[in-house]
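Reminder, nothing fancy here: chain letters follow the sequence lines and each chain counts from 1.
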There are 2 protein chains.
Amino acid sequence: MRKKRKITIKDVAKKAGVGVGTVSRVINNNPHVKAQTKEHVLKVIQELGYLPNPHARRLSSGHTKIVTTIFPQMVGEFHQLLLSGIDSELEKEGYTSFVYPLYSENRYNFVRESSDFVLGTDGLIVDALNVDQLLLQFIPKNMPVVSVEYESEMYDSVLVDNYYGGMLAGDYLANFDEEIYIITHKKEGQLESTVFEERVNGFIESIERKGRKVTQIFEIQLDWLQAFNTAKIIFSNSKKCAIFAATDYFAFPVLEYARVVGLEPNKDFHLCGFDNLTLSDILNITTIKQPIVEMGSIAGQILLRKILGYVRKPQTIVLKPELILRKT
Amino acid sequence: MRKKRKITIKDVAKKAGVGVGTVSRVINNNPHVKAQTKEHVLKVIQELGYLPNPHARRLSSGHTKIVTTIFPQMVGEFHQLLLSGIDSELEKEGYTSFVYPLYSENRYNFVRESSDFVLGTDGLIVDALNVDQLLLQFIPKNMPVVSVEYESEMYDSVLVDNYYGGMLAGDYLANFDEEIYIITHKKEGQLESTVFEERVNGFIESIERKGRKVTQIFEIQLDWLQAFNTAKIIFSNSKKCAIFAATDYFAFPVLEYARVVGLEPNKDFHLCGFDNLTLSDILNITTIKQPIVEMGSIAGQILLRKILGYVRKPQTIVLKPELILRKT
DNA sequence: CTGAAAGCGCTTACAG
DNA sequence: CTGAAAGCGCTTACAG
């Protein structure tokens with residue numbers, strides 16, 4: 001019993017009594033095939049159970065119709081929104097995107113040390129990472145890349161004005177005669193983007209312009225419990241406080257802790273998040289809204305253009321965030 | 001000014017004065033190359049900025065060293081845990097995995113209607129989906145596939161005993177003299193897995209064995225607000241109740257709502273979730289723990305074996321969940 | 001509308 | 001240790 005040889009386009013051509021070119025045209029839905037021929041070839045394909053080899057197609061056609069989207073991690077809602085924005089554009093040209101989250105050392109290495117990885121699909125969208133450093137090694141000049149949430153020096157970038165967003169939060173929280181605290185994400189490794197720094201800097205700028213100052217800044221990891229414990233510290237320092245959570249993910253635990261100890265938002269304290277996730281809406285948290293889906297669709301659009309060959313020098317597109325005033 | 005032709009292995013070979021085979025051996029780290037030759041070739045590669053074409057490599061080598069992991073959506077923690085389990089095994093052989101979340105119609109279509117998609121990487125891990133239906137179209141017999149959280153009739157499956165998990169929850173909540181409610185996920189489309197049904201069935205079985213019965217079952221979408229509103233309904237029906245949330249994602253809003261209206265867990269009501277996510281630990285919610293990482297690593301291990309050619313008939317591996325007793 | 005053939009850029013026995 | 005050559009399985013002008 002010998003190994004079943006994989007059936008190829010040649011087998012189909014022979015059995016159908018046509019040339020391989022014709023079979024190729026059929027599987028690619030090329031309109032220049034007589035309806036009759038096409039039908040027949042299709043039947044033979046069925047009978048033989050023929051499946052085109054994607055690697056061969058990609059080698060000769062030169063494209064994969066796939067884009068890789070690199071995220072620092074998979075946190076859920078934010079990434080799904082961004083991705084659906086990206087999708088909305090890619091779909092127009094029959095493209096789709098794979099996700100590659102970089103939550104581990106090994107995953108970093110794959111991106112940094114394997115050119116196959118980088119060149120394996122038609123383009124790259126990189127979110128919230130120092131893409132210039134990340135892709136230093138293996139980037140041919142013509143590889144389409146778009147950076148999101150990080151201002152690249154080499155590629156098109158689409159960002160939200162995080163500094164301005166921070167200012168919006170500052171303008172809001174400076175209204176209250178309370179001690180001002182910041183809870184932000186501690187940057188780990190130099191490949192992470194600087195969005196959090198920008199938010200914090202904008203916030204501080206606004207606060208100082210108003211002649212106020214920030215009592216304390218807490219830098220923590222992206223972790224529910226750490227934020228919860230930070231809230232504990234803040235509230236034990238001063239009951240009356242205004243807290244800027246540089247991401248909604250930190251605002252939730254803060255609100256949670258406040259509830260546990262019976263503090264009432266908009267009375268005992270104020271809180272402003274960043275991101276405008278669904279949960280902020282439900283929990284009625286004041287926050288800074290980023291146009292996440294729009295950011296994705298712009299990134300997708302730019303990438304698609306580059307893939308299709310519209311060359312142009314890199315630009316940076318900056319979207320404006322807005323304050324969503326709610327009950328905290 | 002003419003288009004810069006892409007530089008290939010031939011260019012390197014010519015400039016280095018060696019055969020293409022030698023260049024190939026160098027870039028593949030084949031040990032049978034004289035150190036001197038290797039060094040020289042490497043230098044030429046540098047100078048020319050040569051980057052091997054991954055499609056060509058894949059066509060002739062026959063593999064991509066990549067696996068595709070298909071999730072129904074990207075919810076965050078659960079998937080990251082599962083993926084890290086999968087990674088832990090794949091990494092041993094230099095493999096990594098791309099994520100393909102199926103949160104949209106279009107994404108379903110890519111999987112179902114494109115053989116390039118299915119055959120584009122060396123193997124598939126499919127989570128919580130009816131993989132037998134999903135992959136009906138384009139699956140050659142030798143394509144390595146492993147199903148997670150769904151018992152496939154065609155492929156290896158690794159599951160948690162959800163029925164048993166449901167029973168554990170039932171055994172726990174039946175202890176209290178309270179009205180019993182279930183909040184579960186409404187299955188949308190026949191491609192979703194049946195884990196929720198199994199959890200619910202196990203739960204009911206246990207409850208009935210104890211001579212009790214379930215007052216009402218709520219089937220909702222995977223949505224914070226819907227769960228929150230469901231809690232509202234339940235608590236307005238009967239103050240004293242025992243709630244089984246078929247996923248922790250539903251348990252969080254329930255607890256939240258209870259807090260809002262001043263109901264105390266383990267006194268005014270009881271609550272048991274499912275999944276044991278970090279937040280359940282923090283919020284002190286009693287839940288059913290699934291060995292998520294283990295599930296991933298077993299799936300990764302099986303897939304890897306199939307890729308490497310260890311054929312064997314499909315098996316189903318069932319892991320046991322356990323009750324994590326906390327303060328609800 | 002269709003076939004024969006060149007070409008995509010590698011890997012891998014094979015022979016030395 | 002190394003080179004020449006076949007082969008991987010397609011797509012795409014080209015000629016008809």
Side-chain angles (χ1 to χ4, degrees), chain A residues 3-42 44-45 48-65 114-117 119-120 122 138 140 142, chain B residues 3-42 44-45 48-65 114-117 119-120 122 138 140 142:
Chain A
K3 198 108 176 200
K4 208 179 3 179
R5 197 177 57 78
K6 232 174 277 173
I7 91 109
T8 77
I9 199 171
K10 271 190 184 165
D11 301 315
V12 176
K14 190 185 300 175
K15 175 150 184 185
V18 301
V20 294
T22 299
V23 178
S24 175
R25 287 178 202 107
V26 169
I27 62 182
N28 288 298
N29 246 300
N30 182 318
H32 303 290
V33 181
K34 211 200 302 174
Q36 204 180 110
T37 313
K38 179 169 180 173
E39 203 179 331
H40 177 227
V41 170
L42 245 18
V44 173
I45 286 177
L48 256 34
Y50 167 64
L51 258 18
N53 179 318
H55 307 312
R57 298 181 98 160
R58 290 166 183 184
L59 175 57
S60 51
S61 76
H63 61 244
T64 64
K65 294 277 195 173
S114 151
S115 67
D116 273 21
F117 185 99
L119 303 178
D122 298 351
F138 300 119
N142 56 333
Chain B
K3 198 107 175 203
K4 208 178 5 178
R5 199 176 55 76
K6 231 173 276 172
I7 93 108
T8 75
I9 199 170
K10 272 189 184 167
D11 302 315
V12 176
K14 191 186 300 174
K15 175 150 186 187
V18 301
V20 295
T22 299
V23 178
S24 175
R25 286 178 202 108
V26 169
I27 61 182
N28 289 299
N29 247 300
N30 182 318
H32 302 291
V33 181
K34 211 201 301 175
Q36 205 179 113
T37 313
K38 179 169 180 175
E39 203 178 329
H40 177 229
V41 170
L42 247 16
V44 173
I45 287 177
L48 256 33
Y50 168 64
L51 258 19
N53 179 318
H55 308 312
R57 298 181 98 160
R58 289 166 184 183
L59 175 57
S60 51
S61 77
H63 61 244
T64 64
K65 293 278 194 172
S114 152
S115 67
D116 272 22
F117 184 99
L119 303 178
D122 299 351
F138 300 118
N142 56 332

* **Protein-nucleotide distance (B:Asn30, atom CG; D:dG3, atom P), rounded to Å** => 13 Å
* Asked: Is any side-chain heavy atom of B:Leu119 less than 4.5 Å from a side-chain heavy atom of A:Asn53?
  -> no
* To do: Measure from the side-chain N and O atoms of B:Asn30 to the backbone N and O of B:His32, and report whether any donor-acceptor pair falls under 3.5 Å.
  => yes
* Structure fact -> From NE2 of A:His55 across to C1' of D:dG7 the rounded distance in Å is 16 Å
* Structure fact -> Rounded to whole Å, NZ of A:Lys38 lies from P of C:dG3 at a distance of 16 Å
* To do: Whole angstrom is fine here: how far is it from CG in A:Asp11 over to C1' in D:dG7?
  => 15 Å
* Using the C1' atoms only, state how far C:dT12 lies from C:dG16, rounded to an integer number of Å. => 16 Å
* To do: List for me each residue that meets salt bridge (charged side-chain N to carboxylate O under 4.0 Å, His left out) alongside B:Lys65, sequence neighbours excluded, and say none if there are none.
  => none
* Structure fact -> In 5'-to-3' order, the base (B), backbone-only (S) or no-contact (-) status of each nucleotide in nucleotides 10-16 of chain C, using a 4.0 angstrom heavy-atom cut-off, is BBBB---
* Asked: With A:Lys38, which residues qualify under side chain to side chain donor-acceptor pair (under 3.5 Å), at least two apart?
  -> A:Asn29
* Among residues two or more places apart or on two chains, list those pairs meeting salt bridge (charged side-chain N to carboxylate O under 4.0 Å, His left out) that have a residue in residues 55-64 of chain B. => A:Asp116-B:Arg57
* To do: Might you point out which heavy atoms bring A:Ile9 and A:Val20 nearest each other, and give the distance in Å?
  => CD1-O, 3.7 Å
* Can you list the stems that include DNA chain C, where a stem is three or more consecutive Watson-Crick or G-U pairs with distances under 3.5 Å? -> C:1-3 with D:14-16, C:5-12 with D:5-12, C:14-16 with D:1-3
* Structure fact -> A:Asp11 and A:Ile7 have their tightest heavy-atom pair at OD2-CA, 3.2 Å
* Pairs satisfying salt bridge (charged side-chain N to carboxylate O under 4.0 Å, His left out), at least one member in residues 21-32 of chain B, at least two apart -> none
* **Atom-pair distance (NZ on A:Lys6; C1' on D:dG7), nearest Å** => 14 Å
